[in-house]
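For the single chain, residues carry numbers from 1 onward in sequence order.
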Amino acid sequence: MKRTELKRGTSQLKRTPMKNRTKRHRDTPASLGVRMKYVAENPECELSCLMRRHGYIVKAYSDLVERHHIVGGAGRIDVASNLITLSPVLHRWVEANVVEGRLWCIYAKSLKNEINADEFRQCSGQRMAGWLDNHRAEWPVCLVPHLEKLVKSLEEE
């Protein structure tokens with residue numbers, strides 16, 4: 001049996017240096033500025049108090065906040081109506097429970113009068129009233145009256 005010409009004890013994989021990570025298309029100075037300004041204006045978690053008030057969670061507060069895009073993905077845009085600040089615990093929960101988390105975020109934004117249906121449609125490709133109506137079965141019971149009013153007001157526009 002003929003032996004191969006490979007050296008023993010060393011990896012035969014070709015090693016190339018890693019390329020520098022390029023900035024994503026949405027990391028423009030303008031979009032970064034919008035995100036930084038939003039966090040500066042909203043330094044506390046916007047969902048912790050609401051969810052605690054409705055008896056949904058016991059404790060999720062932290063001094064740290066992370067910004068979250070309500071409608072994420074490749075088409076996400078950096079505007080105040082699509083951003084929310086969350087504690088790290090709630091941020092993980094919202095990302096794990098996409099529909100329910102988005103419902104809570106929409107509820108929080110509507111209480112602050114920061115809902116913009118046109119920007120929601122630009123991000124998601126859906127009308128906000130239609131998206132809410134399609135997910136009616138997943139509405140948390142404590143949010144039903146408020147979300148019904150929101151859907152009515154969006155349909156009137």
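In this structure, CZ on Arg35 lies 14.5 Å from OG1 on Thr85, to the nearest 0.5 angstrom. Separation of atoms SG (Cys49) and CD (Glu44) is listed at 7.0 Å; rounding is to 0.5 Å. A distance of 6.5 Å separates CD of Gln126 from CZ of Phe120, quoted to the nearest 0.5 Å. With values rounded to the nearest 0.5 angstrom, Leu50 atom CG is found 10.0 Å from Arg52 atom CZ. We find the NE2-CD1 distance between His69 and Ile77 to be 9.0 Å, quoted to the nearest 0.5 Å. Atom-to-atom distance recorded for Leu47:CG and Leu90:CG is 6.0 Å, nearest 0.5 angstrom.
Hydrophobic clustering, with ILVMFWY side chains joined whenever heavy atoms are under 4.5 angstrom apart, groups Val144 together with Trp104. The cluster map of Ile, Leu, Val, Met, Phe, Trp and Tyr, joined by side-chain heavy atoms under 4.5 Å apart, puts Ile106 and Leu83 in different clusters. Side-chain heavy atoms closer than 4.5 Å link hydrophobic residues (I, L, V, M, F, W, Y) into clusters, and following such links, even through other members, never connects Tyr38 to Leu111. A continuous path of Ile, Leu, Val, Met, Phe, Trp and Tyr side chains, each step under 4.5 Å between heavy atoms, connects Ile115 with Leu86, placing both in one hydrophobic cluster. Note on Val39 and Ile70: separate hydrophobic clusters, where clusters join Ile, Leu, Val, Met, Phe, Trp and Tyr whose side-chain heavy atoms are under 4.5 Å apart, directly or indirectly.
Taking a 6.0 Å sphere around NZ of Lys37, one finds it holds 12 or fewer heavy atoms contributed by other residues, nucleotides or ligands.
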Exercise for the section: Assess whether salt bridge (Lys or Arg N to Asp or Glu O under 4.0 Å) is satisfied between Asp118 and Arg121, documenting all intermediate values. Expected result: CA-CA 5 Å; Asp118 293 331; Arg121 188 171 189 160; over 6 Å; no

Problem - Val151/Trp131 under side-chain contact (heavy atoms from CB on, under 4.5 Å): CA gap, chis, key distance, verdict - result: CA-CA 10 Å; Val151 169; Trp131 187 89; over 6 Å; no

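Residues satisfying the salt bridge (charged side-chain N to carboxylate O under 4.0 Å, His left out) criterion with Glu95, sequence neighbours excluded, are absent altogether.
A heavy-atom distance below 4.5 Å is not found between the side chains of Val34 and Val79. Put simply, the side chain of Met128 does not reach to within 4.5 Å of the side chain of Glu119, judged on heavy atoms. The shortest side-chain heavy-atom distance between Glu66 and Arg92 falls under the 4.5 Å cut-off.
Glu114 and Ser81 share no donor-acceptor pair across their side chains, judged by distance under 3.5 Å alone.
The minimum heavy-atom distance linking Val65 with Pro43 is given by the pair CG1-O, 3.4 Å. The two residues Leu132 and Trp139 come nearest to each other via the heavy atoms O-NE1, 3.2 Å. Heavy atoms only, all atoms of each residue included: Arg67 and His91 are closest at O-CE1, 3.6 Å. Minimum interatomic distance between His68 and Cys105 (heavy atoms only, all atoms of both residues): CD2-SG, 4.4 Å. Residues Ser48 and Ser87 come closest through the heavy atom pair OG-OG, 4.2 Å.
Counting only distance, with no hydrogens or angles, the side chain of Lys109 and the backbone of Asn82 share no donor-acceptor pair below 3.5 Å.
Salt bridge Glu138/Arg102: absent, no basic N to carboxylate O contact under 4.0 Å.
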